[in-house]
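See below for the structure under consideration.
Quick note on labels: first sequence line is chain A, next is B, and so on, each numbered from 1.
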Amino acid sequence: MTHELAKTYEPQNVEDRIYKSWIDGGYFHAQVDPSKKPYTIVIPPPNITGQLHMGHAMDETLQDILIRFRRMQGYSALWLPGTDHASIATEAKIVEAMREEGITKEEIGREAFLERAWAWKEKYGGRIVEQLKKLGSSCDWERERFTLDEGCSKAVREVFVRLYEKGLIYRGERIINWCPHCKTSISDAEVEFEEKDGFFWHIRYPYADGSGYIELATTRPETMLGDTAVAVHPDDERYRDKVGKMLILPLVNKEIPLIADEYVEMDFGTGVVKITPAHDPNDFEVGLRHNLPVINVMDEEGYMNENAGKYAGMSALEAREQIVKDLEAQGLLLRVEPIRHNVGTCYRCGTVVEPMISKQWFVKMKPLADPAIRAVETGKIRFIPERMDKIYFSWMNNIKDWCISRQLWWGHRIPAWYCDSCGELFVSREDLTVCPKCGKPLRQDPDTLDTWFSSALWPFSTLGWPEKTEELKYFFPTNTLVTGYDIIFFWVARMIFSSLEQMNDVPFDTVFFHGLVRDAQGRKMSKSLGNGIDPLEIIEKYGADALRYTVVTGNSPGNDIRFSDEKIAASRNFANKIWNAARFIRMNLEGEEIGAQLPETLTLEEQWIVSAYNRIVREVTENLEKFELGIAVQKVYDFLWDVFCDWYIEIAKIRMQQGDREAALGAKKTLVFVFSGTMKLLHPFMPFITEEIWQSLPHEGESIMVSQWPKYDPALENAEAEEKMGNVMEAIRAVRARKAEMNVPTKKTHLYIATAHPDTYRESEAILQKLSYSAEIEVADRFEIDGAVTIVTADARLYLPMAELVDREAELRRLEKELDSARRQMATVEAKLQNEAFMQKAPQNVIDGVRANGEKLSEKIRMIQSEIEALG
RNA sequence: GGACGUUUAGCUCAGCUGGUAGAGCAUUCGCUUGACGUGCGAAGGGUUCACAGGUUCGAGUCCUGUAACGUCCACCA
């Protein structure tokens, strides 16, 4: 297919059409193919509630680059897409929508609520997927999955039952984090600490024997209703003889003991801690050690419960105010001290979490963490950048049991059934209705599982596990996981231990971490700041390729990047540059039937560009294999713009305009070969424009995305041609610079070239003539020219006879300056060569390099000197 | 309290296993050079890469320490 190529690249006219052609071609679909090696990436499933944001844009772009690269290399490359049901986030959205209608989920009940949730999922769940397509993501959509679909649900239940049977899942009363807004427990990982202003209320607790008071301080006075002890440090002199005495808990008028525990720090605050086992994780531990009763004074909504006596029914905050007042009235409040302290908040809604005792389901982590630590230690899983492993280890080494039950409806329901008659508990793969023991009806646990429980299984649940599918056998373990460092605990760590436990293998061999996309000022993009940039608007305006290029260029693994108008504009300009190079080539191809092969024999400049291209092929491939995507794309950019366009196209014009059909054909073939190959190198980064261009040039095959990745070919390497062209280019630059300096940039002048290598320059005469704006060119080993501008390059002396423009004095000064600089460089070279330590210890190739440099310099110095003599 | 990251041209950032610094943007000058002004050519700009030591023949690149900024973890009631 051919299209008229517009003067500027218009991605809007290209992208959707190309994407559709890829889908229609079935190129995204990866098959189980024993003749190929598999390469697999599973997508970090975006939330169905989500809208595409810049974080996704970067994440998906990196994955698509890797997948497209491997696919072209001949792997059976599977990029498995899907979405996450995101229990808390989704449920919150639906509850919110219902609130606007004036109904609550309790009113309509579980079933009706879930119906709404699924309807919502059907309506909005596809939105993010459509947005991913806009980026050009080459996901295998035929294999799209959802964390709550049948297969994933089956996997979740299988894992739950297995872990339960192994004793790695248990139900128990522990301190958990309760979010009063989301009305569910959340895991430790889901608590974010925020520094907030608060108060230290200093309170007196009287001794029961009337022998005075003990002073303590608390930030949460309302919890005192659940105090069951007061603790001091065992070594604290002040209380040595008091430990063991009873205290009267104010307001409650109950006796509680004064105990000694190492947990208390003598130097902090008053050195006295009230112990509330039901509402503080540390106190809970203390309580266990001292066998203290646990009194929960709050309900799940964050209101004081019946244990709170007269405060029952108040919210925690109301109770706090009242309690402070009451203490004050009784003269037990000593003072109030303002402090800044860290408060745990819910990562979803930001509400201050309430630590409280609750009966929940937990995963016992220690046995799972050990193999997970080893997998990274031994290198079975590699983190890029490597430093991420420290974060991982520190978390895994200090891991606590994982609270997995949520008081939500949208999610995987816990497969546990209770018999209210005989009190038995059953955990089962199959739904149960009657008690296998006593035949009475069973009641299923109302809770659902933490969303991350299902995403932890994603690398294998999506491939069909627990069934033994062909896909699972072929594509698992997956290869690369691409994700942001912000979900290393939530997701990466949990996939690792889940996979090791269930599959007895790692889920992936490499984790490629990227950073955050920040705004132009370096701030995190956020809704509240309103500084978010919508990738879809960027795509609309600049094209997906420009967006993709922007998020990978100048970026290194694990580091954040800033997104700015300047950057996206620069990317757009690059796309336009490529576009016009293609336009030029196509224009010159009209009426020619040429293939995609190189000509049989190559001229010097063709040898040079092909050799340079060939090197780029090798380097870009290596960079991609090492996940150095930013470096890889930078190399393609530099080659395409600075080498191919700025030099080779200009050079090729000469032969194409000369009228010699054979010569022109050679140039055209070379242009096509190098440019098409470069389009392939660029394709993973900028898939749309490269496809559009590749199709418009002579090519073999249906699509660039299933064409073969260019291979480095040692036969194309030509150091001699590169050296020769390097000299020619240096001469051209030097002439241009001199003319620019003299304000006659395009003046056509004669050019005399005195050199020891005349062949090179004679061969390149036409090039020199055109690019240096020369009239006629003469090449010899030496010239005697009066009143000429002289230029000395490493390889030649160049004369521009512009007597009328030459200022002898100025020429002399310039040459002196050049001589000076050459001599200074020479001095450092000589210093090295005379340094015995250097000569002895430096490797031979470095010494050779310095020597060669020295020879060049001395030749240059000699030439400059003779010019100075000639002038003087 | 602990760990980690960053600190390189005016701005945003590259710089792999150590061999005397690069890009994009911005700036200045000059170009209707028949692919592209979203362009072309040329130029200036780092007191040598936050600072102080050290290792080395040689350090932006390795080690130690300091400072500023940032991130994560822990959390003292």
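For the P atoms, the distance linking C29(B) with A35(B) amounts to 28 Å, nearest Å. Rounded to the nearest Å, the gap between the P atom of C25(B) and that of A42(B) is 15 Å. Separating the P atom of G60(B) from that of A52(B) is a span of 13 Å, rounded to the nearest Å. Across the C1' atoms, G10(B) and G46(B) are found 11 Å apart, a figure rounded to whole Å. Nucleotides C73(B) and C62(B), compared at atom C1', are 28 Å apart to the nearest Å. Spacing of P atoms, G24(B) relative to G44(B), comes out at 15 Å, to the nearest Å. Distance check on atom C1': G1(B) versus U8(B) gives 33 Å, rounded to whole Å. With both ends at atom C1', the span from U64(B) to G70(B) equals 23 Å, rounded to whole Å.
Not counting sequence neighbours, the partners of D236(A) by the side chain to side chain donor-acceptor pair (under 3.5 Å) test are R238(A). The side-chain contact (heavy atoms from CB on, under 4.5 Å) check on R655(A) picks up T603(A), E605(A), E606(A), Q658(A), A663(A), A667(A), with sequence neighbours excluded. Residues passing the side-chain contact (heavy atoms from CB on, under 4.5 Å) test with N531(A) are D519(A), R523(A), M525(A), S526(A), L529(A), sequence neighbours excluded. In this view, E836(A) satisfies the side-chain contact (heavy atoms from CB on, under 4.5 Å) rule with no residue, not counting sequence neighbours. The ring pair (Phe, Tyr, Trp, His ring centres under 6.0 Å) search around Y347(A) returns F490(A), not counting sequence neighbours. Not counting sequence neighbours, the partners of K653(A) by the side-chain contact (heavy atoms from CB on, under 4.5 Å) test are F584(A), I649(A), E650(A), Q657(A), K770(A).
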What nitrogen or oxygen pairs link the protein and nucleotides 55-62 of chain B at under 3.5 Å?
residue, atom, partner, partner atom, Å
C57(B), OP1, K841(A), NZ, 2.1
C57(B), O2', N835(A), ND2, 3.1

Below 3.5 Å between N/O atoms, which protein atoms pair up with nucleotides 9-18 of chain B? Just atom names and distances, please.
residue, atom, partner, partner atom, Å
U12(B), O3', R562(A), NE, 3.3
U12(B), O2', K567(A), NZ, 2.9
C13(B), OP1, R562(A), NE, 2.7
C13(B), O2', G554(A), O, 3.0
A14(B), OP1, S556(A), OG, 3.3

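Backbone-only engagement by Q634(A) is indicated by non-hydrogen atom pairs under 4.0 Å involving sugar-phosphate atoms exclusively. Residue-level contact check: K748(A) touches neither bases nor backbone, having no heavy atom under 4.0 Å from any strand.
Under the 30°/60° scheme for interplanar angles, the aromatic rings of F639(A) and F644(A) are found to be tilted.
Residue pairs meeting the side chain to side chain donor-acceptor pair (under 3.5 Å) criterion with at least one partner in residues 539-548 of chain A, sequence neighbours excluded, are D64(A)-R548(A).
Using a distance-only test at 3.5 Å, with no hydrogens or angles considered, a donor-acceptor pair links the side chain of T345(A) to the main chain of E192(A). No side-chain donor-acceptor contact under 3.5 Å links D283(A) to the backbone of P277(A).
Between I578(A) and Y9(A) there is no side-chain heavy-atom pair separated by less than 4.5 Å. Contact annotation: the side chain of Q825(A) never approaches that of N853(A) to less than 4.5 Å [non-hydrogen atoms, C-beta and beyond].
In terms of position along RNA chain B, the nucleotide closest to V191(A) lies nearer the 5' end than the nucleotide closest to the other residue of the pair D267(A) and V191(A). Annotation: of the two residues near RNA chain B, S394(A) and V272(A), the 5′-most nearest-nucleotide partner is S394(A).
Under a 4.0 Å N-O distance rule, the pair E622(A)/K626(A) does not qualify as a salt bridge.
Whole-Å rounding puts the E265(A) CD to A74(B) C1' distance at 12 Å. What separates CD1 of I487(A) from C1' of C73(B) is a distance of 18 Å, to the nearest Å. Rounded to whole angstrom, the span from the CG atom of D280(A) across to the C1' atom of A77(B) amounts to 7 Å. The distance between atom OH of Y485(A) and atom P of U6(B), rounded to the nearest whole Å, is 12 Å. Rounding to whole angstrom units, CE of residue M266(A) and C1' of A77(B) are separated by 15 Å. One atom, CD of E285(A), and another, C1' of C75(B), lie 15 Å apart when rounded to the nearest Å. The nearest whole Å value for the distance from the CG atom in N743(A) to the P atom in G30(B) is 8 Å. In this entry the distance linking CG of N398(A) with P of C72(B) reads 18 Å, nearest Å.
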Each nucleotide of nucleotides 31-48 of chain B classed B (base within 4.0 Å of a protein heavy atom), S (only sugar-phosphate) or -, in 5' to 3' order, makes --B-BB-BSSSSS-----
Residues 570-577 of chain A, side-chain donor-acceptor partners within the protein, below 3.5 Å, at least two apart:
residue, atom, partner, partner atom, Å
S571(A), OG, T550(A), OG1, 2.6
S571(A), OG, K567(A), O, 3.0
N576(A), OD1, N580(A), ND2, 3.4

Determine which bases of RNA chain B form Watson-Crick or G-U wobble pairs with both distances under 3.5 Å, and write the result as a 5' to 3' dot-bracket string with | for other-strand partners. (((((((..((((........)))).(((((.......)))))......(((((.......))))))))))))....
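From D188(A), atom CG reaches atom NZ of K400(A) across 6.0 Å, with rounding to the nearest 0.5 Å.
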